[in-house]
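Keep in mind the model is a prediction, meaning the values are calculated, not measured.
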There are 4 protein chains.
Amino acid sequence: MDRMSVSTPNRPMSSRREATRKRLFEAAVTLISEQGYGATSVDEIAERAGVAKGTVYYNFGGKSELYTALMEWGVTRLADTLRDAVPSAETDPGRALVAVLRAGVEFIGEHEALARLLMAETWRTHQVWYTTIRHIRTKAIGVVIELLDALAEAGRLRPDLDTGLAGSALFGMVVTVALDWRTLQPDRPVEEIHATLTHMVDGFLGTTVSPMDP
Amino acid sequence: MDRMSVSTPNRPMSSRREATRKRLFEAAVTLISEQGYGATSVDEIAERAGVAKGTVYYNFGGKSELYTALMEWGVTRLADTLRDAVPSAETDPGRALVAVLRAGVEFIGEHEALARLLMAETWRTHQVWYTTIRHIRTKAIGVVIELLDALAEAGRLRPDLDTGLAGSALFGMVVTVALDWRTLQPDRPVEEIHATLTHMVDGFLGTTVSPMDP
Amino acid sequence: MDRMSVSTPNRPMSSRREATRKRLFEAAVTLISEQGYGATSVDEIAERAGVAKGTVYYNFGGKSELYTALMEWGVTRLADTLRDAVPSAETDPGRALVAVLRAGVEFIGEHEALARLLMAETWRTHQVWYTTIRHIRTKAIGVVIELLDALAEAGRLRPDLDTGLAGSALFGMVVTVALDWRTLQPDRPVEEIHATLTHMVDGFLGTTVSPMDP
Amino acid sequence: MDRMSVSTPNRPMSSRREATRKRLFEAAVTLISEQGYGATSVDEIAERAGVAKGTVYYNFGGKSELYTALMEWGVTRLADTLRDAVPSAETDPGRALVAVLRAGVEFIGEHEALARLLMAETWRTHQVWYTTIRHIRTKAIGVVIELLDALAEAGRLRPDLDTGLAGSALFGMVVTVALDWRTLQPDRPVEEIHATLTHMVDGFLGTTVSPMDP
DNA sequence: CATGAATGAGCCTTCATTCAT
DNA sequence: AATGAATGAAGGCTCATTCAT
């Protein structure tokens, strides 16, 4: 794919090249999240990035490779966000769960285009990126499921709850609410969104762990 | 859109023609839900439907009109499902809500392709079908919000809950869980999916309304 | 390749379509024989044939398929020519050989573009058409080799002669002379070319079989 | 063409540079003979030569200039071969002709890629290298024609033979047989190829001059 | 002397659409 | 009511060439 990696595998990428790639990433996320992959042309992406069309091919090898690289770039950001969501001092899985959900909302607020793009492609099982996207999703939901399992072990959840499905449910809830927020009421403060989600999870957790309580 | 309706408005559609349209609908939902609108060609749709390409244009006028007709066809089905979800004898909004969520899961189980297609297009704000899709979504979420409002009025929800956001959350939860079920564990009985969702909503509703309880 | 063959395999090709294909063939042979495959664009071919570019793809599926079809179209013509070269009354293999060589010269005179095109591609072993071209060549040389074998059996050739190599030699001789004739002295009558070739073969055949002798 | 020769005409080419040029020549002949000029990219040539793409431009100025230089490099080798083919002591034109044909076969055996490349381009009259190639061909055939003229003057050929056409015929015969040998039976010793050609020419020369005879 | 990142013209190909039959 | 041959605009991709380093 990447020519440089073939001919001189271990040379670090030149800073000029790295800057070009970043500009292309930023142009691509926005356009694709708005219009979709198929409706976004390479011409458009290159123009918005301020480079020639050939540069896309020089740097990524093709449109679909750019898209794949984009998603990997995105997953790195998501992983970073989730990793830092739970304070290392936090030992209560309930509080940790609330912190993770909050981090999810904030991630979507900050990387809205990326989130839209991932969600839009999530349900097409026959796309070439299906595996990549499923991987990202699994990783994110996995963090939630682990916390649910910890809660279950602590006897704080109904013992017959399917934590896999529940994780998927919480994930869907957070993403949907967050994107609806960005779409319909982008001016509302993130606190209000987070408070609503916490309310809903509170009941489910059987006990009040809301960070809004004193 | 429909040429015949222009030239001979009151003649009923011939059964031959109606059969052709139905075959095209079925071919289109499947292909588009799998590959996306942009990646599905009129050629493909016509071939799968077993008709010539020109027939698509004769019957619908174009690719995007076929897609629009498809979504309208889908929304009719969704409306029917939701309308029939709550037994007319049911007066408790909690039980009604659970019934609606169950209907949602079952709808997705039965019209998986349609659901995928709608979800995939939901988050692209710059598409020409954005309005149509938003309308469908608003309608479906509206049913949920109404019940949440009824619950709030009955004092069964925290008074400060934003029922609009909560409706969106429940919608996202149901759709995500249901599609994950179809994607990853299609053989599980719908009962298990429904039970999990009910568990999660139970706590939120503050009282047990699960249909599984005696 | 051919869409029609997929959907309705046994329907005869429409005469309109057949006419279009023929025009494309004629445009393509000329242009490719002059400029080469790589230097001839589909645009050029379509324009010379007086059709739209898409028509090439509708009829052949692609540039390389057009080229392959072209060569098969050509080989049919060559086969016809060689089949009719030897009068059915002719029983002497020497006279038959001379008749075949003459037919070869005449074929090249009449289908010069096709001959150039085949010769130019003959020596590139890594092309996708290598097999097709080799097949054509083998077929043509095969006719010569059979006659040489008959002559050998009749004791009219040195017994240690490798008729395979000799066939290749005669083939190369005829093609080279004929194309040089078309290139450098196109106004010379075909008789003079044929006479020269016959002179050269006469000696080799060990006996005079020239058709110019009484 | 050569930048250095413009700026510092009399400085000998550095050995580093000369080595680079040679590697590029060798990469180019092979690739172009296999795939053709149009299907061989500068990238490919540079990669096979183990240099960066820019180096091709630094050394030759462009792709077509590299190709031209390649052919000139080839013609030098062919000229050398033919010049040395006839022992200076040889005065019999028949024996000299056989020696020249043998030299041709050996040249092709040793410079197969170059020979393929020249042959493939020989018949496209509209290429920019047409003149260069015709020149090489004329030079090679000229050697043969001169010997044929000598034989004719000595009364050893039919007086009405067109030695120009006959030279072309012998040239085509040798090249075709030699390349078929390399393509289909590369393991056969060159002697067998040469013997067959000599047999064929013997009859034509009217007298036995085969080098295999004692 | 050599490099490799960037360029953009030109190409092959796809595909929604038209229309004569 | 349906067909399929033809179209041409649009898009992805290749590649010879340039140039700053």
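- Nucleotides of DNA chain F nearest to C/Gly50 and B/Thr20 differ in position, and the one nearer the 5' end is that of B/Thr20.
- The partner of E/dA20, taking Watson-Crick or G-U wobble pairs whose two distances both stay under 3.5 Å, is F/dT3.
- If you measure from atom OH of A/Tyr58 to atom P of E/dG8, you get 16 Å, rounded to the nearest angstrom.
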(request) Please test D/Glu18 against D/Lys22 for salt bridge (Lys or Arg N to Asp or Glu O under 4.0 Å), starting from the C-alpha separation and ending with a verdict. (result) CA-CA 6 Å; D/Glu18 205 142 28; D/Lys22 196 174 170 224; over 6 Å; no
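- The side chain of B/Tyr57 has E/dT18 as its nearest neighbour among E/dT18, F/dA6, F/dT14.
- Checking E/dA16, F/dC13, F/dT17 against every side-chain atom of A/Lys53, the shortest atom distance belongs to F/dC13.
- C/Thr55 comes within 4.0 angstrom of a base, heavy atoms only.
- Rounding to whole angstrom units, CD of residue B/Glu47 and P of F/dT3 are separated by 13 Å.
- For A/Tyr37 (side chain) and A/Ser64 (main-chain N/O), a donor-acceptor pair under 3.5 Å exists by modelled atom type.
- Nearest-nucleotide assignment on DNA chain F puts the 5′-proximal partner with C/Glu18, out of C/Glu18 and D/Tyr37.
- Comparing atom distances between the D/Ala52 side chain and each of E/dA6, E/dA16, E/dG4 picks out E/dG4 as nearest.
- Within 4.0 Å (heavy atoms only), B/Val51 reaches sugar-phosphate atoms of the nucleic acid but no base atom.
- As judged by a 4.0 angstrom heavy-atom cut-off over every strand, C/Thr40 is placed among residues touching the sugar-phosphate backbone only.
- Regarding contacts with the backbone of F/dA6, a side-chain N or O of C/Asn59 is found under 4.0 angstrom from either OP1 or OP2.
- The CZ atom of C/Arg16 sits 9 Å away from the C1' atom of F/dG4 (whole-angstrom rounding).
- Rounded to whole Å, the distance from CG on B/Asp43 to P on E/dT17 is 12 Å.
- Comparing B/Gly54 and B/Lys63 by the nucleotide of DNA chain E whose heavy atom lies nearest to each, the residue mapping closer to the 5' end is B/Lys63.
- Per the geometry, CZ belonging to A/Phe60 stands 14 Å off P belonging to F/dC13, to the nearest Å.
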(request) Test side-chain contact (heavy atoms from CB on, under 4.5 Å) on A/Lys63 and A/Val56 and set out the steps. (result) CA-CA 8 Å; A/Lys63 189 188 178 186; A/Val56 174; over 6 Å; no
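- Among the protein residues, C/Ser64 comes within range of no part of the nucleic acid, since none of its heavy atoms lies under 4.0 Å from any strand.
- Between the side chain of A/Arg77 and the main chain of A/Trp73, a donor-acceptor pair closer than 3.5 Å is present.
- What separates CD1 of C/Ile45 from P of F/dT7 is a distance of 15 Å, to the nearest Å.
- Residues D/Glu44 and D/Gln35 are in side-chain contact: their nearest non-hydrogen atoms beyond the backbone lie under 4.5 Å apart.
- Two residues, A/Val56 and B/Ser41, neighbour DNA chain E, and the one matched to the more 5' nucleotide by heavy-atom proximity is A/Val56.
- Out of E/dA16, F/dA1, E/dT13, the shortest distance to the side chain of B/Val42 is found at E/dA16.
- Rounded to an integer number of Å, the gap from D/Leu66 CG to F/dA16 P is 11 Å.
- Closest to the side chain of C/Ser14, from the set F/dC13, E/dG4, F/dA5, is F/dA5.
- At least one donor-acceptor pair under 3.5 Å links the side chain of C/Arg116 to the backbone N or O of D/Trp123.
- The nearest whole Å value for the distance from the CD atom in D/Glu65 to the C1' atom in F/dT17 is 11 Å.
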